[in-house]
Amino acid sequence: MNMGNESIVVRGVSKVFETPAGSFRALTNVSIELKASEFVAIVGKSGSGKSTLINLLTGIDRPTIGEISVAGETVTGKTEAELARWRGRNVGIVFQFFQLLPTLTIAENIMLPMDLCGTYSSGRRERAIELLSRVGISEQADKFPAALSGGQQQRAAIARALANDPPLLVADEPTGNLDSKTSSEVMDLFRSLAGRGITVVIVTHERDIAKIADRTIKLRDGHVESDTLAKHPEPAE
Ligand code: ADP
Ligand code: MG
């Protein structure tokens, strides 16, 4: 786990997409430093660059210029193969539509990132059950995803994202498909994870949800329009 202060550094990052209609600048000169344990909301209108920024943090996409490092490692500059290996151990990703594999049980879904990365080979199922307890659904371990509610599926997806104990957890509109009560429960879960040394970055356009974050970064037309710390105190570690 990262012990430095700045867990994630984004420096002078721009992203230009080449399209048939010409170049499109999705991010312009974005510089951000995030601390380990920080719970950060990325907000802004549709099209402001939120998903683009998240995809650069996870190494799913590369900046046109600028540099990104996560937990002291420079992400930009890695080859595709290096990136894939790095991502498996360093980034947990949670999606709006959960993306659990329907033919695997919940426990098997959570063991999959361990299988793929060759981690925890002596006790993958035990670890999966422990992660499921952490997100409050250990009794669902042997069911298939279709048997779970949306909120339970998202909890399982969060457990899967934590499988290899990454320093960074990102989620792009993770509550976009949940009712408001379930959304706030899922957000409380993210908040409790951020207190454990993981940097949690959540994209949302829901104001209520952004309010519980330690810090809110607002994008507008690919620029950081504002970057504000919440008034509530940081959670004790
Ligand atoms: P948000 O997540 O804030 O809604 P995005 O980061 O998805 O916004 O997109 C920002 C802008 O970049 C949008 O105008 C979008 O159309 C454009 N964009 C995103 N991805 C691509 C791509 N692969 N090719 C071309 N344009 C893209
Ligand atoms: Mg988006």
Side-chain angles (χ1 to χ4, degrees), residues 8-34 38-70 75-80 83-84 87 91-100 150-151 153-154 157-158 160-161 166 168-180 182-184 186-187 189-190 194 199-228 230:
I8 292 145
V9 180
V10 175
R11 195 165 286 140
V13 162
S14 295
K15 178 68 185 180
V16 178
F17 291 110
E18 299 301 337
T19 72
S23 315
F24 183 85
R25 189 172 276 275
L27 290 175
T28 305
N29 196 23
V30 172
S31 295
I32 306 169
E33 296 190 357
L34 308 180
E38 211 164 25
F39 182 24
V40 183
I42 310 279
V43 303
K45 286 193 190 125
S46 177
S48 57
K50 305 182 297 296
S51 295
T52 302
L53 178 59
I54 287 283
N55 291 341
L56 298 180
L57 293 181
T58 59
I60 287 172
D61 205 353
R62 296 168 186 277
T64 308
I65 54 166
E67 213 175 86
I68 294 175
S69 67
V70 173
V75 180
T76 34
K78 286 187 192 296
T79 64
E80 286 305 319
L83 266 179
R87 193 182 302 120
V91 190
I93 308 181
V94 175
F95 304 93
Q96 181 175 349
F97 297 103
F98 327 133
Q99 251 103 308
L100 297 166
Q153 288 188 54
Q154 196 57 305
I158 293 168
R160 177 182 57 185
L168 171 63
L169 182 65
V170 305
D172 195 345
E173 307 206 18
T175 61
N177 203 37
L178 302 174
D179 64 65
S180 61
T182 309
S183 293
S184 75
V186 166
M187 288 309 287
L189 175 59
F190 278 118
T199 305
V200 177
V201 182
I202 294 197
V203 168
T204 179
H205 51 221
E206 291 159 84
R207 212 176 282 253
D208 292 355
I209 287 183
K211 264 201 304 226
I212 81 161
D214 297 323
R215 177 174 173 187
T216 302
I217 296 172
K218 185 171 187 187
L219 296 182
R220 185 193 175 98
D221 298 334
H223 296 267
V224 175
E225 184 184 58
S226 62
D227 184 348
T228 42

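Remember, it's a predicted structure, so these values are computed and weren't measured experimentally. Every number for a ligand or one of its atoms is a count from 1 in the order of the listing. Worth knowing before you read on, the calculation uses all heavy atoms, side chains too, and leaves out hydrogens, waters and symmetry mates. Residue numbers start at 1 and run along the sequence shown.
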**Study point:** Thr182-Asp179 side chain donor-acceptor pair, cut-off 3.5 Å
**Key:** yes

Point to revise | CG on Asn177 to CD on Gln96, rounded to 0.5 Å | key: 6.0 Å

Point to revise | Test: Glu80 and Arg87 ion pair at under 4.0 Å | key: no

Point to revise | Metal environment of the Mg ion (ligand 2), protein N/O/S under 2.8 Å | key: Ser51 OG

**Study point:** Glu67 and Thr76 side chains, donor-acceptor separation under 3.5 Å
**Key:** no

Point to revise | Whether Arg11 side chain and Ser69 backbone form a donor-acceptor pair below 3.5 Å | key: no

Review point. Can you tell me how far CG of Leu53 sits from CG of Asp61, rounded to the nearest 0.5 angstrom?
Key: 11.5 Å

Check your understanding: If you measure from NZ on Lys45 to NZ on Lys218, what distance do you get to the nearest 0.5 Å?
Key -> 7.0 Å

**Study point:** Contact residues of ligand 1 (heavy atom under 4.0 Å), by chain and number
**Key:** Phe17, Thr19, Phe24, Ala26, Lys45, Ser46, Gly47, Ser48, Gly49, Lys50, Ser51, Thr52

Point to revise | Donor-acceptor pair between Ser14 and Asn29 side chains, under 3.5 angstrom | key: no

Practice item. With rounding to the nearest 0.5 Å, note down the distance linking CG in Asn55 to CG in Asp172. Key: 7.0 Å

